[in-house]
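Note that the structure is predicted; figures quoted are calculated from it, not measured.
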Amino acid sequence: MRKTSSLNGTILRQAAKDSFVKLDPRALWSNPVMFVVEITALLTTYFAIRDAAGATATSFWFDSQIALWLWITVLFANFAEALAEGRGKAQADTLRKAKSETIAKKLNGEKIEPISAAQLRKGDIVLVETGDFIPGDGEIIEGVASVDESAVTGESAPVIRESGGDRSAVTGGTRVLSDWIKVKITANPGETFLDRMINLVEGAKRQKTPNEIALTILLLGLTIIFLLAVATLEPFAIYSGTTVSIPVLAALLVCLIPTTIGGLLSAIGIAGMDRLLQHNVLAMSGRAVEAAGDVGVLLLDKTGTITLGNRMATEFVPAPGISAAELADAAQLSSLADETPEGRSIVILAKENFNIRERDIAALGATFIPFSANTRMSGVDLQGREVRKGAMDSIEKYLHAKGKSMDPQVKLAVEAIAKKGGTPLVVAEGSRALGVIYLKDVVKGGINERFAQLRRMGIKTVMITGDNPLTAAAIAAEAGVDDFLAEATPEAKLKLIRDYQGQGNLVAMTGDGTNDAPALAQSDVGVAMNSGTQAAKEAGNMVDLDSNPTKLIEIVEIGKQLLMTRGALTTFSIANDVAKYFAIIPALFIVTYPQLGVLNIMHLSTPQSAILSAVIFNALIIVALVPLALRGITYRPLGANVILRRNLLIYGLGGLVAPFIGIKLIDLLLTAWHLS
Amino acid sequence: MKGADLSQILFYIVVLIILAIPLGRYMAKVFEGDKTFMDKAIGPLERLIYHICGIDAAQEMNWREYALSLLTFNLFGIILLFLLQLLQGHLPFDPQGFGAPHLTTAINTAVSFVTNTNWQSYAGESSLSYLTQMAGMTVQNFVSAATGIAVVVALIRGLSRRQANSIGNFWVDLTRSVLWILLPLSVVGAVLLASQGVIQNLSPYLTVHTLQGANQTLAMGPVASQEAIKELGTNGGGFFNANSAHPFENPTPFSNFLEMLFILLIPAGLTFSYGKMLKDVKQGRVLFVTMLVLFLLMLGTTYGSELAGNPQISKLGIIGSSVMEGKEVRFGVVNSALFATVTTATSCGAVNAMHDSLTPLGGLPPLLQMMLGEVVFGGVGTGLYSILIFVILTVFIVGLMVGRTPEYLGKKIEGFEMKMAILAVLIPSASILLGSALASVIPAGTSSIANPGPHGLSEIIYAFASSSANNGSAFAGLNVSTPFYNLALALAMLVGRFGVILPVLAIAGSMAHKKIATAGAGTFATTGGLFSGLLAGVILIVGALTFFPALALGPIVEQLLMWSGKAF
């Protein structure tokens, strides 16, 4: 997925071709501003042709130049949109290759019946073996396999998919590398994930988002207002004893209506979805991207997002009369064969703190006692030593069985660790407790600053965890989140989301399990992990192909960037009008009222070149801003006021000043080249 | 600028602020149904009115019901006032024996007073009976002002309520506006004005012998009582044709000061009520400051231009101001400029100098303020709801730049609100532009012009701007007492009034439904200097750019011509 994003010659050529196709009024209808420009271009062309027929050479030369530039204005706007779509189309082509025709092994009872993947329907069960492409989206009902999902995610390392649990979903178009699985198909052809993805990136079913609709209404309103201002100019001119030609009125109108934002609006929206795609996130609708910018609360799962996935041993707390080194030695022995990350971390800590080297458990002749649900302890027996480690209550039970009891000092240490948010593991040898291992949730590096950033952006972070409130509070404090939900159940999660929404907040969350589905559906921005279940992917409105929960933060930033780009270009577009008035109004009436020359503050050489310069500037600014529209304006995680001041300075003030300079420069060139 | 002039302006503004703040708080209490010191006196009267009219004061309305009540009430007002004029010859209190006015004049006048415009295509003292003035004009002066207040109160409720369906009861808002606010204030106002010599009687007109030996008829009437509400309700319809330039309406410098104060008092006070009702005084203050800044900008232009005067007259060696034509010597340049700015900033339209005679550039701010839709303080109620439309536009255009979909007071601004806000800006603009464009090319329009050239165009544009913005001040010079202007301007007044009120009520209704998001560091702040500047910028760019071509061909070119030695 992250390959074909850069602009290349093919995309540019295709976009240039498409900008002519898009001249079709039926296609332009949805963009009222550009539709009006096209009408005026047609009208002006008609007048230019009439001039040619009537052999009025001077006005033909002028009118045809205006007509030309009005057409160019529409073409530039079309080009911007086509370019934005072009990137998606290229990506869709890559995806289509993955959708090559596959033969599915449909299971009829125990019998295998080979049919075309296109004939599979929801509920069919298929067998997929080593080397086979998975014929459609589905859930694994039996078996485990390693799957190459690079066609969808771009990630070349294979992933494990197995029946039951949260890793059971498979995507059509991916390939089984080893073993076999039985898959129950969950999507009809044409509705699969890959199909939807192709539709999305192609923008085939692109609908205007609520904010785009509102903005279009504003632009339409401004267009009508300026249409009135320009249309009524003719009667005022007649009253003043002059007339203004239709091409000149058309030029004035096109300069005044917000063509810059009107021409770039849809490109900005498409580019926003495209930027998400660069981050390997698929947004199911533009509405979700827009909502991301508005998010006020982020619900973040503790494990994997805030903390590293596993707890780590950070300290040995010995019982009275035992040295820390003795405790470390016993703890290390008991963990040598323990392949869990916690176990590994104990071995590492013992080496770091007491230089206890790793020993070969087989060479020692030791017997490893693995963790069992029954005893809830693990440990090792060697040369008569019996070392056990486990939670406090299980070790206590173990000691009781031997007629001993837990040292009260150890109990105190256990409580202290629990209070700090850690997990205490008690180590016992023979009939006495040696001390406690402090296992700690390790908060990811840099996450604290990330949350502080979010806070400055006005976004509240809430940690979701299954831990008890005590542990949760300690981790929340360390990570710097604003709030936490401990002992979270799916119901509690759903209720939390509804509460925040009730207060007027938009809520974003990530999830992967089937039990996350209701919360994902309820949230305004629900990012499902691609590794998650089908139910989760259906419920969310975005899918993260990298399955990286931290990405929620980038998603929010992209949403904000999209909205800011829209606002900045709207402001720029409206601010431009001031200069255009000063170019055109004196030019219109200079003959009747030479005194109006005072308003020609740019000292444009002739009325014709003034009008032409304004129209040319108006067209060129669209194409000049295409890169900005596609890239989005720079976003920095700062408070609203700081961002606003910065953007106002660049796009508000810039919008006022830029056209004065631009129009003057074009006028100088036109005069130098004798074009007007 | 002269020191004395400056100190008069400063004094005026300081007194205005000192009075507007407590009045604002008081009005907020009135509309939130809190206890006020007037309750004991007025409460029984209010209950009696509800009892007689069969109004259930506790019954709230949604925006459609609210709008329907308002329209019905105003329609009956128009019909009643129309009939009253036609029948005045057969009714009592008509000592001069005035008959029915021309049909189109009667329509124009009825619409004019009901829409709070008070455009007068008639001369009050020579065509209307005392009954018509008192039972018709004065009553509408109260209730048309109260209608404006009711609309803004409904809008405030819509903005502040959380997921509600209703925006208040029109009849209650109307009644309370009249009984608690307009009536007590105008009683105080009338007494103060009468103390300055504004007349108040029902006598027949006096005939006096002048020193030159000629006979002169002096019009009499119940002036003081109508004068106070004329200003307080930003109505502006003078008892006499000369309006506040007439010595019986405005006899002394103090009465002039009072009248200017009355005009801005309620509109300025409402910005403070707004803050109080939202429980966020800053939101109201920022609107007040924005209005004040725009006001000073406009005042500065008019005053500066009047002070600079007309170079052609100065050339003649005249000592003193060169632009005293159309001004009362009693008021001079500064008080004429201040009055002109005050009266067009609000939708009042009372005048103490003839705007037609202002220098072209001096006449531009009055014209522009009306074109902007009376948002610089504006009419009672109308000013606040009109500027709130611009607030919504500003929040939408600029608010996106902070990276959130636009919201105001925690409420999302979406397609519907945008549609209505645009309509509220578009409709009056269309009325001004289309109306004056039509009038400037058809004989029925141009034949009324007294001065040719750009000044004539200014006169036409001014007439349509004044009607559409429900201001009612006239540029004079244009004979509007013709069937064409009577009907065209009546239409402009209706469109300009209800073409804004309906979208505003629709916004109130849809905003009331919405959730309120808590503000945070990521929220676009709608208070403070930055927002104030942005709001003023959007008002000037969106509002003024629409009219730039028209203004360029009217006052701007006229001023340039005047400098180069050509006058009209």
Inset, instruction - Provide the closest heavy-atom pair for A/Asn211 versus B/Pro406 in the form atom of the first, atom of the second, distance. - result: ND2-CD, 3.4 Å
Inset, instruction - Could you look at B/Ile392 and say if it's the side chain, the backbone, both or neither that has a heavy atom under 4.5 Å from chain A? - result: neither
Inset, instruction - Applying side-chain contact (heavy atoms from CB on, under 4.5 Å), run through B/Leu400 and A/Thr571 and close with a yes or a no. - result: CA-CA 10 Å; B/Leu400 272 174; A/Thr571 308; over 6 Å; no
Legend entry - Atom group of B/Ile541 that falls short of 4.5 Å from chain A, counting heavy atoms: side chain
Legend entry - Proximity breakdown for A/Ile238 and chain B, heavy-atom pairs closer than 4.5 Å: side chain
Inset, instruction - Answer with side chain, backbone, both or neither: which region of A/Phe236 has an atom nearer than 4.5 Å to a non-hydrogen atom of chain B? - result: both
Legend entry - Part of B/Val402 lying under 4.5 Å from any heavy atom of chain A: both
Inset, instruction - Please state whether the side chain, the backbone, both or neither of B/Phe524 comes within less than 4.5 Å of a heavy atom of chain A. - result: both
Legend entry - A/Leu215 CG to B/Phe396 CZ distance, which is reported to the nearest 0.5 Å: 5.0 Å
Inset, instruction - Go through A/Leu563, A/Leu252, A/Ile459, A/Ile574 and name the one with the most non-hydrogen pairs under 4.5 angstrom from chain B. - result: A/Leu563
Inset, instruction - Give, as side chain, backbone, both or neither, the part of B/Leu534 having an atom under 4.5 angstrom from any heavy atom of chain A. - result: side chain
Inset, instruction - For side-chain contact (heavy atoms from CB on, under 4.5 Å), just list the numbers for A/Phe589 and B/Leu553, CA-CA rounded to whole Å, side-chain angles, deciding distance to a tenth of an Å, and then say yes or no. - result: CA-CA 8 Å; A/Phe589 299 107; B/Leu553 287 178; 3.5 Å; yes
Legend entry - Contact class of A/Val578 relative to chain B, heavy atoms under 4.5 angstrom: both
Legend entry - Closest-packed option against chain B by number of heavy-atom pairs under 4.5 Å, given A/Asp577, A/Leu648, A/Val642, A/Thr216: A/Leu648
Inset, instruction - Find the distance between OG1 (B/Thr405) and CD (A/Glu290) and round it off to the nearest 0.5 Å. - result: 6.5 Å
Inset, instruction - Please flag which part of A/Val295 lies under 4.5 Å from any non-hydrogen atom of chain B: side chain, backbone, both or neither. - result: backbone
Legend entry - Where B/Leu393 and A/Leu218 come nearest, the two heavy atoms and their spacing: CD2-CD1, 3.8 Å
Legend entry - Distance, nearest 0.5 Å, that separates CG of B/Leu545 from CG of A/Leu256: 7.5 Å
Inset, instruction - Considering only heavy atoms and a distance below 4.5 Å, find which of B/Leu457, B/Thr518, B/Ile422 pairs most often with chain A. - result: B/Leu457
Legend entry - Minimal non-hydrogen separation, A/Ala640 against B/Thr523, with atom names: CB-O, 3.3 Å
Legend entry - Heavy-atom pair of closest approach, residues A/Gln595 and B/Leu560: O-CD1, 3.4 Å
Inset, instruction - Let me know if A/Ile261 has heavy atoms under 4.5 Å from chain B in its side chain, its backbone, both or neither. - result: neither
Legend entry - Best-contacting candidate, A/Ile225, A/Thr570, A/Ile643, against chain B by heavy atom pairs under 4.5 angstrom: A/Ile225
Inset, instruction - Look up atom OG1 in A/Thr232 and atom CZ in B/Phe547, then write down how far apart they are to the nearest 0.5 Å. - result: 8.5 Å
Inset, instruction - Check A/Asn647 against B/Met401 and note the closest heavy-atom contact, atom names and distance. - result: ND2-O, 3.0 Å
Inset, instruction - Apply ring pair (Phe, Tyr, Trp, His ring centres under 6.0 Å) to the pair A/Phe582 and B/Phe548, showing each step before the final yes or no. - result: CA-CA 10 Å; A/Phe582 278 102; B/Phe548 188 72; 5.7 Å; yes
Legend entry - Taking every non-hydrogen atom, the tightest pair across A/Gly221 and B/Leu426: O-CD1, 4.4 Å
Inset, instruction - Measure A/Gln501 against the heavy atoms of chain B and call it side chain, backbone, both or neither at under 4.5 Å. - result: both
Inset, instruction - Determine the option with the most heavy-atom pairs under 4.5 angstrom with chain A, choosing from B/Ser564, B/Ala525, B/Ala517. - result: B/Ala517
Legend entry - CD1-CD1 distance between B/Ile556 and A/Ile585, expressed to the nearest 0.5 angstrom: 9.0 Å
Inset, instruction - Could I get the full list of salt bridge (charged side-chain N to carboxylate O under 4.0 Å, His left out) partners for B/Glu407, not counting sequence neighbours? - result: B/Arg404, B/Lys412
Legend entry - Side chain, backbone, both or neither of A/Arg646 within contact of chain B (heavy atoms, under 4.5 Å): neither
Legend entry - Side chains of A/Leu228 and B/Thr546 in contact at under 4.5 Å (non-hydrogen atoms): no
Inset, instruction - Could you have a look at B/Lys515, B/Met418, B/Arg162 and say which one has the most heavy-atom pairs with chain A under 4.5 angstrom? - result: B/Met418
Legend entry - Residue, of A/Gln503, A/Arg566, A/Glu234, A/Arg455, that accumulates the most heavy atom pairs under 4.5 Å with chain B: A/Gln503
Legend entry - Interface residue of largest heavy-atom contact number with chain A, from B/Ile516, B/Val542, B/Thr446, under 4.5 Å: B/Ile516
Inset, instruction - Against chain B, work out which of A/Ile213, A/Val230, A/Leu596 has the most heavy-atom pairs shorter than 4.5 Å and name it. - result: A/Leu596
Inset, instruction - Would you check, one step at a time, whether the test side-chain contact (heavy atoms from CB on, under 4.5 Å) holds for A/Val598 with B/Trp563? - result: CA-CA 12 Å; A/Val598 178; B/Trp563 280 335; over 6 Å; no
